[in-house]
Amino acid sequence: MTPSLQTRLQQLANRKDEKIRILFVCLGNICRSPAAEGIFRSIIEERGIADRFIVDSAGLYGGHAGELPDPRMRTHAFRRGYNLTHHSRPVRSSDFSDFDLILSMDDSNYSRLRAFAPSPEDEEKVIRTTDFCRHHPGATHVPDPYYEGAEGFEIVLDMLEDACQSLADSLE
Ligand code: 4NP
């Protein structure tokens, strides 16, 4: 994590007048990012700090717009206690003004979001979810589980639980 990201997180954590707005982004918005949204929401609810946050997710590919998360992801998440009810939606340019942090899942998401950002300040809002992983040293991306088996979904959930706990720690 860069010093400038640490400073930005500290500024957000200290902000008491406005909610902290977090958007998770992947490709389809039916596997990784709705799972991240559900996990992060569950963590902040458990900690009693949910009223300080606005949490959402979106996808760079709009082909699944309106759909609930992939049934495989819903099943794997449900077994861990997460009920994923988000409906897929595409990323829009207003997301850059509507959110403080935009967390990408992989390098492709990261570079496409940065290229899409309306201003240099907005570009700095785009950060990697894996920057927050404490128990997956060296991880640079949350792997796309769409064409994988059950293990792929479990790995995604392990990484997202790790990252979301540490993100919540940074902002609490
Ligand atoms: P996600 O997974 O980006 O984690 O939601 C995918 C979902 C759909 C597709 C690819 C990845 N797709 O090609 O339709």
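Order of listing sets the numbers, starting from 1, for every ligand and every atom in it. Numbering starts at 1 and runs along the sequence shown. No hydrogens, no waters, no symmetry mates; every other heavy atom, side chains included, goes into these values.
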**Message:** Looking at Arg134, is its backbone amide N or carbonyl O close enough to the side chain of Asp162 to form a donor-acceptor pair, meaning the two atoms are under 3.5 Å apart?
**Reply:**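 Present.
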
**Message:** Any carboxylate oxygen within less than 4.0 angstrom of a Lys/Arg side-chain nitrogen, looking at Glu67 and Arg89?
**Reply:**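 Here Glu67 does not pair with Arg89 in a salt bridge, since their nearest N and O are not under 4.0 Å apart.
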
**Asked** Quick one: do Arg80 and Asp158 make a salt bridge, cutoff under 4.0 Å?
**Response**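 Yes.
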
**Prompt:** When the ring planes of Phe96 and Phe116 are compared, do they come out parallel, tilted or perpendicular, using 30° and 60° as the limits?
**Reply:**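 Aromatic pair Phe96/Phe116 classed perpendicular.
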
**Message:** Against the six-membered ring of Tyr146, is Arg72 placed for a cation-pi contact (under 6.0 Å from the centre, within 45° of the normal)?
**Reply:**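 The answer is yes, since Arg72 meets both limits relative to Tyr146.
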
**Asked** What residues sit with at least one heavy atom under 4.0 Å from ligand 1?
**Response**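 Within 4.0 Å of ligand 1, the protein residues are Cys26, Leu27, Gly28, Asn29, Ile30, Cys31, Arg32, Tyr61, His64, Asp144, Tyr146, Tyr147.
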
**Request:** Return each pair, listed once, that meets side-chain hydrogen bond (donor to acceptor under 3.5 Å, both in side chains) where at least one residue sits in residues 96-108; pairs must be two or more places apart or across chains.
**Result:**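 Qualifying pairs: Arg15-Asp100, Arg21-Asp100, Arg32-Asp106, Asp106-Asn109, Asp107-Arg128.
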
